Amino acid sequence: MALINTKERYGKVAQIFHWLTALLILGLLIAGTIMTYLPDGTADQIARKVFMYSMHKTIGVIVLLVAIMRIVWAFANPRPKPLHPERKLETFAAETAHWVLYIAIVAMPVTGLLYHASSTGFAPIWWPFGQELPFVPQSENLSKIFASMHWILALGITLTLIAHIGGALKHLVIDKDVTIDRMVPSKLSEDFKLPHSDAKHLPKGLAAVAAIIVVGFSLGAIGLNVSAKNKAADSASRTQVINAPADVKGDAVWKVIAAESTLKISIKQLGSPVEGEFKNWDAVINFDPDNLETSFVDARIAVGSLQLGSVSDQAKSADFLNADEYAEARFTSDDFQSTGENSYEAQGTLEIAGVAKPFTLNFELTIEGNRAKMQTRTELNRMDYEVGAQKYANEDSVGFPVEIMIDLAAEKQ
């Protein structure tokens with residue numbers, strides 16, 4: 001059999017690309033289906049789940065590379081002539097499905113890669129090029145868009161595969177021709193079409209179609225699973241904004257400008273940093289650099305508003321922050337000291353998950369007219385607040401240090 005395509009059949013290269021793609025997609029979908037059902041209650045379970053997610057993502061990248069090479073080869077080697085050119089509608093439908101599948105096997109891993117790069121995912125791709133992509137910022141809204149596109153493509157490729165499988169079954173069972181034989185390494189019949197009663201090609205054809213059917217059903221399963229997870233994530237993210245009391249009077253009262261302020265955290269999971277952000281928080285600030293004795297701050301954070309990539313729900317569960325029982329984290333201080341030009345220290349109390357501890361916050365502050373900007377990069381030990389102390393009492397899975405990054409803009413009232 002020739003390496004390149006002929007007018008009668010596909011060559012060895014095209015056959016290898018076809019079946020390699022089928023096997024990779026099958027592995028991709030099996031891994032994707034399994035990983036959605038894996039529990040994540042213990043360190044071992046998290047490690048297993050991370051492994052499956054990384055496998056899924058890595059196979060997706062391989063599928064993308066193979067698909068690109070396959071399409072390049074398809075342009076360089078025209079497909080064999082249709083068996084039934086007189087059936088114009090059937091030929092058009094087959095050609096359309098053929099190119100839709102080509103587009104889908106490129107678009108699906110691309111949207112998955114964009115989803116990975118734009119979110120703060122916890123499972124790395126097994127490659128040496130890093131996890132970020134140029135010009136793709138980490139953004140919750142952007143990652144949701146790519147996730148939706150990924151799911152829509154999964155639905156589209158499922159429908160197209162069903163049509164593709166249906167066509168293959170028609171040729172195999174009804175027409176009893178050599179359509180499938182042209183994509184497997186076997187000898188074609190002498191007359192290029194088997195008699196209606198002849199089924200020599202049936203065993204090989206059935207094996208090929210069986211593999212395609214598995215792929216089709218797997219795609220449907222993964223599409224439904226992703227859809228359900230997206231809906232659950234959207235529901236979990238609808239957290240009520242907590243507004244700190246605003247009954248403090250005085251010229252030095254500052255109001256947080258939410259649109260220009262961020263409260264982020266970073267923690268290592270299985271050795272890789274995972275960054276997240278509290279979307280809803282506020283603070284009562286009475287600060288005067290010339291009168292620190294009367295200054296104070298009361299900051300409150302809606303724990304349920306934490307977005308920490310793929311582990312958001314776990315971080316807010318009873319195993320860690322326990323957002324259902326302790327809806328707020330809180331920092332209060334009325335003890336400020338100047339530590340240098342535009343540098344200050346606030347000694348106060350930080351309460352997380354019902355545990356209150358003394359906490360010192362060092363920060364940089366610049367005031368220009370009625371606007372102020374504060375920045376701080378500090379760190380705490382999650383074990384000091386018993387976060388994850390029951391099931392994650394070592395750093396095998398989740399690190400102890402939690403980096404806190406605050407960029408606050410405020411306006412004088």
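If you're wondering where the values come from, they're calculated on a predicted model, not measured in any experiment.
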So does [X] pair up with [Y], basic N to acidic O under 4.0 Å?
X	Y	value
D319	K391	yes
E86	K88	no
R382	D384	no

List the atom of [X], the atom of [Y], and the distance in Å for their closest heavy-atom pair.
X	Y	result
T111	M108	OG1-O, 2.9 Å
M35	K49	O-CE, 3.4 Å
N77	N5	O-ND2, 3.3 Å
A356	T349	CB-CG2, 3.9 Å
G276	L306	C-CD1, 4.5 Å
A353	L321	CB-O, 3.8 Å

Are [Y] and [X] an aromatic pair, judged by ring center distance below 6.0 Å?
X	Y	result
Y344	F363	yes
Y10	W73	no
Y392	F320	yes

For this session: Determine, stepwise, if the pair F146 / W151 fulfils ring pair (Phe, Tyr, Trp, His ring centres under 6.0 Å).
Result: CA-CA 9 Å; F146 289 136; W151 180 83; over 10 Å; no

Exercise. Should we say atom CD of E132 is surrounded by more than 12 heavy atoms from elsewhere, each under 6.0 Å from it?
Worked result: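 No, the 6.0 Å shell around CD holds no more than 12 heavy atoms from other groups.
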
Exercise. Should we say atom CG of L23 is surrounded by more than 12 heavy atoms from elsewhere, each under 6.0 Å from it?
Worked result: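 Counting neighbours around CG of L23, more than 12 heavy atoms of other residues, nucleotides or ligands fall under 6.0 Å, so yes.
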
For this session: Examine the side chains of E364 and S343 and answer whether a donor and an acceptor come within less than 3.5 Å of each other.
Result: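 Side-chain D/A pair, E364 to S343: present.
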
Exercise. Quick one: do the E345 and Q347 side chains pair a donor with an acceptor below 3.5 Å?
Worked result: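 Indeed, the side chains of E345 and Q347 share at least one donor-acceptor pair under 3.5 Å.
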
For this session: Applying salt bridge (Lys or Arg N to Asp or Glu O under 4.0 Å), run through K268 and E403 and close with a yes or a no.
Result: CA-CA 10 Å; K268 284 191 175 180; E403 186 181 6; over 6 Å; no

Problem set entry | Residues forming a side-chain contact (heavy atoms from CB on, under 4.5 Å) with I105, sequence neighbours excluded |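 I105 satisfies side-chain contact (heavy atoms from CB on, under 4.5 Å) with T21, I25, A67, R70, Y102, I157 only.
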
For this session: Decide yes or no on salt bridge (Lys or Arg N to Asp or Glu O under 4.0 Å) for E90 and K170, but give the supporting numbers first.
Result: CA-CA 11 Å; E90 180 180 299; K170 174 184 178 294; 3.2 Å; yes

